[in-house]
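Just so we're on the same page: letters track the sequence lines, and every chain starts at 1. Worth knowing before you read on, the calculation uses all heavy atoms, side chains too, and leaves out hydrogens, waters and symmetry mates.
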Protein chains: 2
Amino acid sequence: MADDFDLTGFLPYALTQAADALSLEFQNIYKGQYGMLRTEWRVLFHLGQYGPMTAKHICERGRLHKTKVSRAVAALEDKRYLTRTALEFDRRHEELQLTKSGLGVFSSLKAEAHAFDARVRATMTEDEAKVLQRCVMRIAGLETTSP
Amino acid sequence: MADDFDLTGFLPYALTQAADALSLEFQNIYKGQYGMLRTEWRVLFHLGQYGPMTAKHICERGRLHKTKVSRAVAALEDKRYLTRTALEFDRRHEELQLTKSGLGVFSSLKAEAHAFDARVRATMTEDEAKVLQRCVMRIAGLETTSP
DNA sequence: ACGTATTAGTTTGAAATGTAACTAAATTGA
DNA sequence: TCAATTTAGTTACATTTCAAACTAATACGT
(Lines give C-alpha, C1' and ligand atoms only; values in the text may rest on other atoms or scores of the structure.)
Protein backbone atom coordinates (compact mmCIF):
# COMPACT_ATOMS: atom_id res chain seq x y z
CA MET A 1 0.00 0.00 0.00
CA ALA A 2 1.00 3.57 -0.59
CA ASP A 3 1.16 4.85 2.95
CA ASP A 4 4.09 7.02 2.06
CA PHE A 5 2.29 8.91 -0.68
CA ASP A 6 2.91 12.60 -0.07
CA LEU A 7 -0.13 14.74 -0.66
CA THR A 8 2.00 17.87 -0.88
CA GLY A 9 3.07 16.73 -4.32
CA PHE A 10 -0.44 15.64 -5.30
CA LEU A 11 -0.84 17.27 -8.69
CA PRO A 12 -4.29 18.83 -8.25
CA TYR A 13 -3.00 20.41 -5.04
CA ALA A 14 0.46 21.49 -6.18
CA LEU A 15 -0.85 22.81 -9.47
CA THR A 16 -3.55 24.81 -7.72
CA GLN A 17 -1.03 26.33 -5.36
CA ALA A 18 1.23 27.25 -8.24
CA ALA A 19 -1.60 28.65 -10.34
CA ASP A 20 -2.91 30.68 -7.39
CA ALA A 21 0.52 32.08 -6.65
CA LEU A 22 1.05 33.28 -10.20
CA SER A 23 -2.51 34.42 -10.79
CA LEU A 24 -2.62 36.47 -7.62
CA GLU A 25 0.60 38.17 -8.54
CA PHE A 26 -0.52 38.99 -12.04
CA GLN A 27 -3.87 40.13 -10.74
CA ASN A 28 -2.14 43.10 -9.15
CA ILE A 29 -1.45 44.38 -12.62
CA TYR A 30 -4.83 44.22 -14.34
CA LYS A 31 -6.75 44.92 -11.16
CA GLY A 32 -4.44 47.61 -9.90
CA GLN A 33 -4.07 49.44 -13.18
CA TYR A 34 -7.48 48.95 -14.77
CA GLY A 35 -9.78 47.73 -12.00
CA MET A 36 -10.55 44.62 -13.98
CA LEU A 37 -11.74 41.30 -12.62
CA ARG A 38 -10.13 38.05 -13.65
CA THR A 39 -12.86 37.06 -16.06
CA GLU A 40 -12.77 40.50 -17.62
CA TRP A 41 -9.07 40.18 -18.27
CA ARG A 42 -9.65 36.76 -19.77
CA VAL A 43 -12.36 37.97 -22.11
CA LEU A 44 -10.21 40.92 -23.09
CA PHE A 45 -7.26 38.73 -23.86
CA HIS A 46 -9.29 36.30 -25.95
CA LEU A 47 -10.66 39.12 -28.05
CA GLY A 48 -7.28 40.78 -28.34
CA GLN A 49 -5.39 37.63 -29.12
CA TYR A 50 -7.81 35.97 -31.52
CA GLY A 51 -9.89 38.83 -32.86
CA PRO A 52 -13.65 39.54 -32.72
CA MET A 53 -15.87 36.62 -31.78
CA THR A 54 -19.13 35.84 -30.00
CA ALA A 55 -19.54 35.23 -26.28
CA LYS A 56 -20.19 31.60 -27.07
CA HIS A 57 -16.76 31.24 -28.63
CA ILE A 58 -15.12 32.82 -25.62
CA CYS A 59 -16.93 30.36 -23.37
CA GLU A 60 -15.62 27.46 -25.40
CA ARG A 61 -12.08 28.68 -25.89
CA GLY A 62 -11.67 29.88 -22.33
CA ARG A 63 -13.75 27.20 -20.64
CA LEU A 64 -15.77 29.85 -18.92
CA HIS A 65 -19.41 29.63 -17.95
CA LYS A 66 -21.73 31.76 -20.02
CA THR A 67 -23.01 33.71 -17.02
CA LYS A 68 -19.49 34.73 -16.09
CA VAL A 69 -18.78 35.79 -19.64
CA SER A 70 -22.08 37.60 -19.88
CA ARG A 71 -21.21 39.71 -16.84
CA ALA A 72 -17.63 40.31 -17.89
CA VAL A 73 -18.81 41.47 -21.31
CA ALA A 74 -21.26 43.88 -19.71
CA ALA A 75 -18.50 45.23 -17.47
CA LEU A 76 -16.10 45.67 -20.38
CA GLU A 77 -18.83 47.39 -22.35
CA ASP A 78 -19.37 49.79 -19.45
CA LYS A 79 -15.67 50.56 -19.50
CA ARG A 80 -15.96 51.16 -23.26
CA TYR A 81 -13.41 48.46 -24.00
CA LEU A 82 -15.68 46.60 -26.42
CA THR A 83 -18.78 46.91 -28.56
CA ARG A 84 -21.44 44.37 -29.49
CA THR A 85 -22.98 43.89 -32.90
CA ALA A 86 -25.86 41.52 -33.45
CA LEU A 87 -25.05 39.40 -36.47
CA GLU A 88 -27.22 39.86 -39.55
CA PHE A 89 -27.74 36.23 -40.40
CA ASP A 90 -28.69 35.23 -36.86
CA ARG A 91 -29.55 37.96 -34.44
CA ARG A 92 -29.07 35.72 -31.41
CA HIS A 93 -25.32 36.02 -31.88
CA GLU A 94 -23.49 39.22 -31.05
CA GLU A 95 -20.03 39.77 -32.32
CA LEU A 96 -17.79 41.29 -29.68
CA GLN A 97 -15.08 43.61 -30.80
CA LEU A 98 -12.51 45.61 -28.87
CA THR A 99 -12.61 49.37 -29.19
CA LYS A 100 -9.47 51.42 -29.74
CA SER A 101 -9.34 51.92 -26.02
CA GLY A 102 -9.82 48.19 -25.37
CA LEU A 103 -7.08 47.36 -27.82
CA GLY A 104 -4.77 49.79 -26.09
CA VAL A 105 -5.40 48.20 -22.72
CA PHE A 106 -4.96 44.78 -24.24
CA SER A 107 -1.63 45.54 -25.79
CA SER A 108 -0.38 47.12 -22.63
CA LEU A 109 -1.45 44.13 -20.56
CA LYS A 110 -0.07 41.74 -23.12
CA ALA A 111 3.32 43.39 -22.78
CA GLU A 112 3.08 43.11 -19.00
CA ALA A 113 2.09 39.48 -19.34
CA HIS A 114 5.03 38.78 -21.57
CA ALA A 115 7.45 40.36 -19.14
CA PHE A 116 5.85 38.54 -16.25
CA ASP A 117 6.04 35.23 -18.06
CA ALA A 118 9.68 35.80 -18.93
CA ARG A 119 10.43 36.54 -15.29
CA VAL A 120 8.86 33.26 -14.19
CA ARG A 121 10.63 31.28 -16.89
CA ALA A 122 13.92 32.82 -15.89
CA THR A 123 13.73 30.81 -12.68
CA MET A 124 14.17 27.58 -14.64
CA THR A 125 16.30 26.19 -17.40
CA GLU A 126 15.06 26.29 -20.99
CA ASP A 127 14.52 22.57 -20.96
CA GLU A 128 12.51 22.73 -17.78
CA ALA A 129 10.40 25.52 -19.21
CA LYS A 130 9.70 23.47 -22.33
CA VAL A 131 8.73 20.36 -20.40
CA LEU A 132 6.59 22.37 -17.98
CA GLN A 133 4.82 24.06 -20.86
CA ARG A 134 4.18 20.80 -22.66
CA CYS A 135 2.88 18.93 -19.60
CA VAL A 136 0.72 21.77 -18.36
CA MET A 137 -0.84 22.31 -21.77
CA ARG A 138 -1.52 18.61 -22.11
CA ILE A 139 -3.16 18.39 -18.69
CA ALA A 140 -5.18 21.49 -19.43
CA GLY A 141 -6.24 20.06 -22.76
CA LEU A 142 -4.94 23.18 -24.51
CA GLU A 143 -3.49 23.19 -27.99
CA THR A 144 -0.04 24.56 -28.55
CA THR A 145 -0.19 27.09 -31.35
CA SER A 146 3.25 26.13 -32.63
CA PRO A 147 3.00 22.39 -33.42
CA MET B 1 8.51 43.95 -29.43
CA ALA B 2 6.83 40.75 -28.52
CA ASP B 3 3.82 40.91 -30.77
CA ASP B 4 4.00 37.18 -31.28
CA PHE B 5 3.73 36.34 -27.60
CA ASP B 6 1.02 33.68 -27.27
CA LEU B 7 -1.19 34.21 -24.28
CA THR B 8 -2.43 30.62 -24.47
CA GLY B 9 0.89 29.54 -23.07
CA PHE B 10 0.99 32.34 -20.49
CA LEU B 11 1.83 30.48 -17.31
CA PRO B 12 -0.80 31.97 -14.98
CA TYR B 13 -3.42 31.05 -17.58
CA ALA B 14 -2.18 27.62 -18.60
CA LEU B 15 -1.50 26.59 -15.01
CA THR B 16 -4.96 27.70 -13.94
CA GLN B 17 -6.55 25.71 -16.73
CA ALA B 18 -4.54 22.65 -15.81
CA ALA B 19 -5.23 23.02 -12.10
CA ASP B 20 -8.94 23.50 -12.76
CA ALA B 21 -9.11 20.45 -14.99
CA LEU B 22 -7.50 18.19 -12.40
CA SER B 23 -9.22 19.70 -9.39
CA LEU B 24 -12.66 19.43 -10.94
CA GLU B 25 -12.06 15.81 -11.75
CA PHE B 26 -10.83 14.94 -8.30
CA GLN B 27 -13.68 16.91 -6.77
CA ASN B 28 -16.07 14.27 -8.02
CA ILE B 29 -14.51 11.88 -5.56
CA TYR B 30 -14.58 13.80 -2.28
CA LYS B 31 -17.77 15.63 -3.12
CA GLY B 32 -19.54 12.65 -4.58
CA GLN B 33 -18.58 10.19 -1.89
CA TYR B 34 -18.51 12.38 1.21
CA GLY B 35 -20.28 15.60 0.31
CA MET B 36 -17.18 17.57 1.17
CA LEU B 37 -16.22 20.98 -0.14
CA ARG B 38 -12.74 21.71 -1.45
CA THR B 39 -11.54 23.49 1.67
CA GLU B 40 -12.88 20.68 3.83
CA TRP B 41 -10.88 18.14 1.88
CA ARG B 42 -7.81 20.30 2.21
CA VAL B 43 -8.16 20.66 5.95
CA LEU B 44 -8.77 16.93 6.26
CA PHE B 45 -5.70 16.10 4.28
CA HIS B 46 -3.47 18.43 6.25
CA LEU B 47 -4.59 16.89 9.50
CA GLY B 48 -4.30 13.39 8.13
CA GLN B 49 -0.96 13.90 6.49
CA TYR B 50 0.81 15.91 9.17
CA GLY B 51 -1.06 15.07 12.35
CA PRO B 52 -3.01 17.25 14.81
CA MET B 53 -2.43 20.97 14.58
CA THR B 54 -4.20 24.29 15.10
CA ALA B 55 -6.31 26.11 12.51
CA LYS B 56 -3.55 28.70 12.30
CA HIS B 57 -1.07 26.10 11.17
CA ILE B 58 -3.45 24.86 8.52
CA CYS B 59 -3.84 28.40 7.24
CA GLU B 60 -0.11 28.79 6.94
CA ARG B 61 0.68 25.39 5.49
CA GLY B 62 -2.25 25.41 3.09
CA ARG B 63 -2.22 29.14 2.33
CA LEU B 64 -5.88 29.33 3.20
CA HIS B 65 -7.67 32.28 4.70
CA LYS B 66 -8.69 31.85 8.30
CA THR B 67 -12.37 32.39 7.59
CA LYS B 68 -12.37 29.55 5.08
CA VAL B 69 -10.59 27.26 7.51
CA SER B 70 -12.90 28.30 10.32
CA ARG B 71 -15.92 27.24 8.29
CA ALA B 72 -14.35 24.06 6.99
CA VAL B 73 -13.42 23.05 10.53
CA ALA B 74 -16.98 23.68 11.69
CA ALA B 75 -18.30 21.57 8.81
CA LEU B 76 -15.88 18.72 9.53
CA GLU B 77 -16.81 18.88 13.18
CA ASP B 78 -20.49 18.57 12.23
CA LYS B 79 -19.62 15.52 10.20
CA ARG B 80 -17.78 14.16 13.25
CA TYR B 81 -14.53 13.94 11.31
CA LEU B 82 -12.55 15.96 13.85
CA THR B 83 -12.56 17.25 17.42
CA ARG B 84 -11.20 20.44 18.92
CA THR B 85 -9.29 20.76 22.16
CA ALA B 86 -8.38 24.13 23.60
CA LEU B 87 -4.72 24.02 24.55
CA GLU B 88 -3.87 24.27 28.24
CA PHE B 89 -1.05 26.76 27.99
CA ASP B 90 -2.98 29.15 25.73
CA ARG B 91 -6.67 28.70 25.44
CA ARG B 92 -6.92 30.75 22.26
CA HIS B 93 -5.43 27.86 20.35
CA GLU B 94 -7.45 24.76 19.64
CA GLU B 95 -5.76 21.61 18.57
CA LEU B 96 -7.65 19.89 15.78
CA GLN B 97 -7.52 16.15 15.64
CA LEU B 98 -9.17 13.69 13.31
CA THR B 99 -11.58 11.18 14.80
CA LYS B 100 -11.51 7.50 13.91
CA SER B 101 -14.13 8.25 11.32
CA GLY B 102 -12.17 11.20 9.96
CA LEU B 103 -9.03 9.11 9.73
CA GLY B 104 -10.97 6.45 7.85
CA VAL B 105 -12.23 8.97 5.31
CA PHE B 106 -8.76 10.44 5.04
CA SER B 107 -7.07 7.17 4.31
CA SER B 108 -9.72 6.25 1.78
CA LEU B 109 -9.35 9.59 0.02
CA LYS B 110 -5.60 9.40 0.21
CA ALA B 111 -5.70 6.09 -1.63
CA GLU B 112 -7.98 7.61 -4.26
CA ALA B 113 -5.64 10.57 -4.56
CA HIS B 114 -2.68 8.30 -5.01
CA ALA B 115 -4.39 6.35 -7.76
CA PHE B 116 -5.55 9.56 -9.41
CA ASP B 117 -2.07 11.03 -9.30
CA ALA B 118 -0.57 7.88 -10.76
CA ARG B 119 -3.09 8.03 -13.58
CA VAL B 120 -2.13 11.58 -14.45
CA ARG B 121 1.58 10.83 -14.25
CA ALA B 122 1.10 7.88 -16.53
CA THR B 123 0.40 10.33 -19.35
CA MET B 124 4.01 11.52 -19.25
CA THR B 125 7.49 10.10 -19.04
CA GLU B 126 9.20 9.76 -15.67
CA ASP B 127 11.53 12.59 -16.53
CA GLU B 128 8.70 14.85 -17.51
CA ALA B 129 6.90 14.05 -14.27
CA LYS B 130 10.00 14.89 -12.26
CA VAL B 131 10.57 18.19 -14.02
CA LEU B 132 6.90 19.11 -13.78
CA GLN B 133 6.88 18.32 -10.07
CA ARG B 134 10.01 20.33 -9.42
CA CYS B 135 8.89 23.41 -11.37
CA VAL B 136 5.38 23.42 -10.00
CA MET B 137 6.56 23.05 -6.43
CA ARG B 138 9.07 25.84 -6.92
CA ILE B 139 6.47 28.19 -8.39
CA ALA B 140 4.05 27.31 -5.63
CA GLY B 141 6.74 27.91 -3.02
CA LEU B 142 6.16 24.43 -1.62
CA GLU B 143 8.85 22.35 0.00
CA THR B 144 9.51 18.87 -1.23
CA THR B 145 9.39 16.52 1.72
CA SER B 146 11.98 14.18 0.24
CA PRO B 147 15.06 16.34 -0.39
C1' DA C 1 -0.96 45.82 38.44
C1' DC C 2 -3.31 47.47 34.71
C1' DG C 3 -4.30 49.79 30.28
C1' DT C 4 -2.78 48.87 25.44
C1' DA C 5 -1.58 45.93 21.84
C1' DT C 6 -1.50 41.13 19.74
C1' DT C 7 -3.22 36.92 18.51
C1' DA C 8 -6.66 32.82 17.38
C1' DG C 9 -10.71 32.27 15.81
C1' DT C 10 -15.75 33.68 14.61
C1' DT C 11 -19.30 36.53 12.68
C1' DT C 12 -21.19 39.83 9.52
C1' DG C 13 -22.17 42.27 5.30
C1' DA C 14 -20.73 42.98 0.41
C1' DA C 15 -19.05 41.02 -3.86
C1' DA C 16 -18.62 36.98 -6.84
C1' DT C 17 -20.00 32.51 -8.36
C1' DG C 18 -22.95 28.54 -9.93
C1' DT C 19 -27.44 26.62 -10.95
C1' DA C 20 -31.62 27.05 -12.85
C1' DA C 21 -35.21 29.53 -14.84
C1' DC C 22 -36.11 32.86 -18.31
C1' DT C 23 -36.25 35.68 -22.96
C1' DA C 24 -35.74 36.15 -27.68
C1' DA C 25 -34.43 34.32 -32.11
C1' DA C 26 -34.10 30.55 -35.22
C1' DT C 27 -34.83 25.69 -36.65
C1' DT C 28 -37.54 21.47 -37.18
C1' DG C 29 -41.20 18.83 -38.77
C1' DA C 30 -46.06 17.48 -39.01
C1' DT D 1 -48.00 27.34 -41.15
C1' DC D 2 -47.34 27.03 -36.74
C1' DA D 3 -46.55 24.28 -32.30
C1' DA D 4 -42.35 22.10 -30.18
C1' DT D 5 -37.35 22.30 -29.71
C1' DT D 6 -32.94 24.24 -29.76
C1' DT D 7 -29.67 27.98 -29.12
C1' DA D 8 -27.32 32.63 -27.42
C1' DG D 9 -27.45 35.30 -23.94
C1' DT D 10 -29.54 37.44 -19.46
C1' DT D 11 -31.69 37.47 -14.97
C1' DA D 12 -32.76 35.67 -10.24
C1' DC D 13 -31.70 33.18 -6.32
C1' DA D 14 -28.99 30.49 -3.40
C1' DT D 15 -24.23 29.40 -2.07
C1' DT D 16 -19.46 30.73 -1.56
C1' DT D 17 -15.94 33.93 -0.82
C1' DC D 18 -13.46 38.04 0.75
C1' DA D 19 -12.69 41.95 3.89
C1' DA D 20 -13.45 44.09 7.87
C1' DA D 21 -15.34 44.24 12.42
C1' DC D 22 -15.73 41.61 16.44
C1' DT D 23 -14.75 38.40 20.73
C1' DA D 24 -11.95 36.19 23.91
C1' DA D 25 -7.45 35.14 25.67
C1' DT D 26 -2.71 36.45 26.29
C1' DA D 27 1.48 39.41 26.20
C1' DC D 28 3.75 43.85 26.78
C1' DG D 29 5.18 48.29 28.73
C1' DT D 30 5.28 51.34 32.19
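With respect to A:Glu40 and A:Lys79, a salt bridge is recorded, a charged nitrogen being found less than 4.0 Å from a carboxylate O. Of the charged side-chain nitrogens involved, at least one lies within less than 4.0 Å of a carboxylate oxygen, so that B:Glu77 and B:Arg84 count as a salt-bridged pair. Using a 4.0 Å cut-off between charged side-chain N and carboxylate O, B:Glu128 and A:Arg138 make a salt bridge.
Between the side chains of B:Thr8 and B:Asp6, a donor-acceptor pair is found at a separation under 3.5 Å.
Atom CD of B:Glu40 and atom C1' of D:dT16 are 12 Å apart (whole Å). Rounded to a whole Å, the CG atom of A:Leu64 is 15 Å from the C1' atom of D:dG9. In this structure, A:Arg38 places its CZ atom 20 Å from P of C:dA15, rounding to the nearest Å. The interatomic distance linking A:Glu94 (CD) with C:dA26 (C1') rounds to 15 Å, in whole Å. Following rounding to the nearest Å, A:His57 (NE2) and D:dT7 (C1') show an atom-to-atom distance of 13 Å. To the nearest angstrom, C1' of C:dG9 lies 11 Å from NE2 of B:His65. At whole-Å resolution of the value, CG in B:Leu37 and P in C:dT17 are 16 Å apart. B:Arg92 places its CZ atom 9 Å from the P atom of C:dG9, with the value rounded to the nearest Å.
The side chain of B:Asp90 approaches D:dT26 more closely than any other nucleotide in the set D:dT17, D:dT26, C:dG9. Closest contact between the side chain of A:Lys56 and the listed nucleotides D:dT11, C:dT11, D:dA8 involves D:dA8. Of all nucleotides listed (D:dA19, D:dG9, C:dT11), C:dT11 comes nearest to the side chain of B:Ser70. When distances run from any side-chain atom of B:Lys68 to the nucleotides C:dG9, D:dT17, C:dT10, the shortest one goes to D:dT17. Considering only side-chain atoms of A:Thr67, the nucleotide from C:dT19, C:dG9, D:dA20 that sits closest is C:dT19. Comparing atom distances between the B:Arg71 side chain and each of D:dT11, C:dT10, C:dT12 picks out C:dT12 as nearest.
Side-chain N/O atoms of B:Arg91 include none lying less than 4.0 angstrom from OP1 or OP2 on D:dA27.
If you check every strand for non-hydrogen atoms under 4.0 Å, B:Thr54 touches sugar and phosphate atoms only. Using a 4.0 Å heavy-atom cutoff across all strands shown, B:His93 reaches sugar-phosphate atoms only and no base atom. Among the heavy atoms of the strands lying under 4.0 Å from B:Arg84 are primed sugar atoms or P, OP1, OP2 only; no base atom is included.
In terms of position on DNA chain D, the residue among B:Lys66 and A:Leu96 whose nearest nucleotide sits closer to the 5' end is A:Leu96.
Scanning all heavy atoms of the two residues, the minimum distance from B:Ala18 to A:Ala140 falls at N-CB, 3.5 Å.
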